[in-house]
Amino acid sequence: YKHYIIIQAMGGDNQEHLEWSGLVESKIRILIEKLETCLNIKCAHINPIGYSHVDKETHPYCTQWVLGLGIKKPVDPEQTVILDLTESVERFVNIVYQRAASNSKVSRSIQVKTRHVKKYELSKYISSDILEQGRRKRRRS
């Protein structure tokens, strides 16, 4: 994929983070459903593994999920594709916070963040060792 959404669940301490990340993870399917109804999205694919942030000192209690986006190609090659994911992402975030509020799991230190990133920007969030896993190294002849 060329486009990704990074979903980050951040909590204040270990126990709070475990509960919070579990809640966020359980609601990711809702985001996928919302994104797949967007005009120019062909598919949304989640990697079910939660990763820690590259900068563990700044974000010690952070779990991240990577969602790949397949973009529909325009019929006219000169036409540009416009991605407006704002409404779908905001709905997801609101649902997560509403669910947390009903479970009384909301504190000031709990956050969920989403970011649209391109493939070359993934290394800012996920370690390069993890990004290289599963890729075949090309042989030089």
Side-chain angles (χ1 to χ4, degrees), residues 1-14 16-141:
Y1 299 106
K2 291 182 181 179
H3 297 271
Y4 295 87
I5 292 181
I6 302 287
I7 303 164
Q8 298 175 318
M10 295 180 243
D13 62 25
N14 193 32
E16 191 175 66
H17 174 255
L18 286 174
E19 291 177 12
W20 181 239
S21 63
L23 175 65
V24 172
E25 183 176 19
S26 72
K27 301 300 175 195
I28 291 175
R29 187 173 20 147
I30 294 170
L31 176 59
I32 292 171
E33 290 171 0
K34 300 279 183 210
L35 289 172
E36 287 182 337
T37 62
C38 289
L39 184 62
N40 292 317
I41 302 292
K42 183 172 34 176
C43 69
H45 180 251
I46 187 72
N47 182 344
I49 299 170
Y51 299 105
S52 59
H53 197 281
V54 171
D55 187 1
K56 292 179 185 175
E57 289 181 21
T58 307
H59 305 284
Y61 300 111
C62 178
T63 302
Q64 304 178 118
W65 295 271
V66 180
L67 197 150
L69 298 175
I71 309 299
K72 292 179 184 174
K73 293 185 179 183
V75 178
D76 181 9
E78 294 181 11
Q79 183 182 4
T80 58
V81 175
I82 297 172
L83 286 179
D84 185 10
L85 309 176
T86 308
E87 184 179 335
S88 299
V89 170
E90 284 179 354
R91 279 186 170 179
F92 164 73
V93 171
N94 288 337
I95 288 169
V96 169
Y97 280 121
Q98 286 173 359
R99 181 69 177 153
S102 69
N103 288 342
S104 67
K105 292 182 182 176
V106 175
S107 75
R108 292 182 184 193
S109 59
I110 289 178
Q111 293 180 330
V112 61
K113 292 183 179 181
T114 56
R115 299 180 195 284
H116 171 250
V117 296
K118 293 192 176 183
K119 187 175 187 174
Y120 66 88
E121 297 173 300
L122 282 175
S123 61
K124 294 178 185 176
Y125 303 97
I126 308 294
S127 75
S128 58
D129 294 339
I130 293 171
L131 291 175
E132 292 297 321
Q133 286 178 351
R135 291 186 182 176
R136 293 184 188 177
K137 297 194 177 191
R138 293 184 180 178
R139 295 183 189 175
R140 293 187 182 191
S141 14

Interatomic distance, Leu69 atom CG to Glu36 atom CD [nearest 0.5 angstrom]: 9.5 Å
Heavy-atom check, side chain of Leu23 versus side chain of Lys27, under 4.5 Å: yes
Heavy-atom donor-acceptor pair, Asn40 side chain to Ile82 backbone, under 3.5 Å: yes
His17 and Thr63 side chains, donor-acceptor separation under 3.5 Å: yes
Closest approach of Lys72 to Ile41 (non-hydrogen atoms, all atoms of both residues): CE-O, 3.5 Å
Side chain proximity check, Phe92 to Val24, heavy atoms < 4.5 angstrom: yes
Flag side-chain contact, heavy atom, 4.5 Å: Ile110 against Glu16: yes
Euclidean distance, Arg115 CZ relative to Tyr125 OH, rounded to 0.5 Å: 4.5 Å
Spacing of CD1 belonging to Ile5 relative to CG belonging to Leu35, to within rounding of 0.5 Å: 4.5 Å
Lys73 side, atom NZ; Lys42 side, atom NZ - distance, nearest 0.5 Å: 7.0 Å
Shortest non-hydrogen contact from Val81 toward Pro74: CG2-CD, 3.5 Å
Where Leu31 and Ser88 come nearest, the two heavy atoms and their spacing: CD1-O, 3.8 Å
Inter-residue atom distance His53.NE2 - Met10.CE, 0.5 Å rounding: 7.0 Å
Euclidean distance, Gln64 CD relative to Ile130 CD1, rounded to 0.5 Å: 9.5 Å
Least distance between heavy atoms, His45 atom then Tyr1 atom: CB-OH, 3.3 Å
Qualifying salt bridge (charged side-chain N to carboxylate O under 4.0 Å, His left out) pairs with a residue from residues 82-95, counting only residues at least two apart or across chains: Glu87-Arg91
Taking every non-hydrogen atom, the tightest pair across Glu121 and Val117: OE1-CA, 3.4 Å
Heavy-atom closest contact (Ile49 atom, Trp65 atom, distance): O-CD1, 3.7 Å
